[in-house]
Amino acid sequence: MTTTATAPQGTAGVSARARITAVPDGRGGTALPLLSGGGPVALRRTRSADPSAARVTLVGAMSAPLRGDRLAVEARAEAGAALRVDGSAATLALPGRTAEPARYDVRLEAGEGGLLHWLPEPLISVSGSDLRQQLRAELAPGARLVVRDEQVLGRTGEEPGRLSSRLTVRRAGRPLLDQQLDFGPGAPGWDGGAALGGHRAVGQLLVVDPAWDREPPRARVLGETAVVTPLAGPAVLVTALAPDALQLRRVLDSALTFTSW
């Protein structure tokens, strides 16, 4: 494992990048020829419950992202490989010594027959923070993908910072999903009845499975504040609101079971 974490010249922020590549090991499992990270995006290979899959855990080695930080994670499951990426703890978007927003970019790729799970712990938008988060996924036609994206707006008893989160997915070179969410000071209507309605936890679960090419799961409501929406492709998007992170996770976990993943 190599470490890449630097402070860009002329800024008060940290720049860090982590990279993961998973390939079939030839014995029915998955190897990790590339596992590189450091600073606030340190990586650890951890035990997987699935013998065919490699599991990597994001370990927060320092407080980040602060305003001005530039963080990036790249994860690729090559053709036939299975990779699960999760987290050891929630990520806190924090104030910093600069007025510049922090940026957190995630790029996922899965080759033909590849399986990639992106299941980090929630992102907490702390009062005074400003974060621009972008997750982009590129999938081969026969790739499978699961993405869980959870945001908690403010710690207990505090208002959130500014948070902009964009999720973009392309399959076989064609757009499958492009969605942006904006919360906190400066985002119009984010806490109104047509948006969060006073809830402080919001999350999405995206599942892409080529087995659904002919018949995807049907649209349905999960409880009072969650909905399953089939996309124009072999995918479903679950969107959920909740009062807190614990209840949000329960809803998304139940949706994951519903989609047979």
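No donor-acceptor pair under 3.5 Å is formed between the side chain of R148 and the backbone N or O of L205. For S125 (side chain) and G161 (main-chain N/O), a donor-acceptor pair under 3.5 Å exists by modelled atom type. Using a distance-only test at 3.5 Å, with no hydrogens or angles considered, a donor-acceptor pair links the side chain of S88 to the main chain of L58. Using a distance-only test at 3.5 Å, with no hydrogens or angles considered, no donor-acceptor pair links the side chain of R144 to the main chain of A82. Distance alone, capped at 3.5 Å, is enough to place a donor-acceptor pair between the R70 side chain and the G68 backbone. With D149 contributing its side chain and G203 its backbone, the two residues share no donor-acceptor pair below 3.5 Å.
Looking at every heavy atom in both residues, L153 comes nearest to L196 through CD1-CD1, 3.1 Å. When all heavy atoms of S36 and L43 are compared, the closest pair comes out as O-CD1, 3.5 Å. Between Y104 and A72, the closest heavy-atom pair is CD1-N, 4.4 Å. Scanning all heavy atoms of the two residues, the minimum distance from T30 to A22 falls at CG2-CB, 3.6 Å. Shortest non-hydrogen contact noted between I20 and V56 is CD1-CG1, 3.8 Å. Of all the heavy atoms in A89 and E121, the pair that sits closest is O-CB, 3.3 Å.
Sequence neighbours left out, the pairs with a member in residues 73-87 that pass side-chain hydrogen bond (donor to acceptor under 3.5 Å, both in side chains) are R17-E74, R55-D86, T57-D86, R76-E78, R76-E109, R84-D86. The side-chain hydrogen bond (donor to acceptor under 3.5 Å, both in side chains) pairs that include a residue from residues 227-240 number zero, where partners must be two or more places apart or lie in different chains. Residue pairs that meet the salt bridge (Lys or Arg N to Asp or Glu O under 4.0 Å) test with at least one member in residues 167-186, sequence neighbours left out, are E138-R170, R162-D182, R166-D178, R171-D213.
L116 and V23 sit in two unconnected hydrophobic clusters of ILVMFWY residues. Membership requires side-chain heavy atoms under 4.5 Å apart, directly or through other members. Under the 4.5 Å side-chain contact rule for hydrophobic residues, V106 and L34 do not share a cluster. V236 and V227 are members of different hydrophobic clusters when ILVMFWY side chains are connected at heavy-atom separations under 4.5 Å.
Under a 4.5 Å side-chain heavy-atom criterion applied to ILVMFWY residues, the cluster that includes L66 comprises L92, L94, I124, V126, V152 as well.
Separation of atoms CZ (R44) and CG (L35) is listed at 9.0 Å; rounding is to 0.5 Å. Atom-to-atom distance recorded for R67:CZ and S129:OG is 7.0 Å, nearest 0.5 angstrom. Atom CG of residue L135 and atom CD of residue Q179 lie 12.0 Å apart, to the nearest 0.5 angstrom. Remark: T168 OG1 to L177 CG distance equals 7.5 Å, nearest 0.5 Å.
Evaluated for a side-chain contact (heavy atoms from CB on, under 4.5 Å) with Q204, the options V238, V147, L181 yield exactly one hit, L181. Just one of T156, D191, D244 meets the side chain to side chain donor-acceptor pair (under 3.5 Å) condition when paired with R200; it is D191.
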Exercise for review: Carefully, step by step, assess L119 and V146 under the rule side-chain contact (heavy atoms from CB on, under 4.5 Å).
Suggested key: CA-CA 8 Å; L119 303 171; V146 177; 4.0 Å; yes
Check your understanding: Is there a side-chain contact (heavy atoms from CB on, under 4.5 Å) between L83 and L32 once you walk through the steps?
Key -> CA-CA 9 Å; L83 173 63; L32 297 173; 4.1 Å; yes
Check your understanding: Could you walk me through whether V85 and L108 pass the side-chain contact (heavy atoms from CB on, under 4.5 Å) check?
Key -> CA-CA 10 Å; V85 183; L108 309 177; over 6 Å; no
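Using a 4.5 Å cut-off on side-chain heavy atoms (C-beta onward), R249 and P122 make contact. At least one side-chain heavy atom of P141 sits under 4.5 Å from a side-chain heavy atom of E112. Annotation: side chain of S165 is not in contact with side chain of L131 (no heavy-atom distance under 4.5 Å). The shortest side-chain heavy-atom distance between Q247 and V251 does not fall under the 4.5 Å cut-off.
Annotation: salt bridge (Lys or Arg N to Asp or Glu O under 4.0 Å) contacts of D50 (sequence neighbours excluded): none. Every residue was checked against the salt bridge (Lys or Arg N to Asp or Glu O under 4.0 Å) condition with R136, not counting sequence neighbours, and none meets it.
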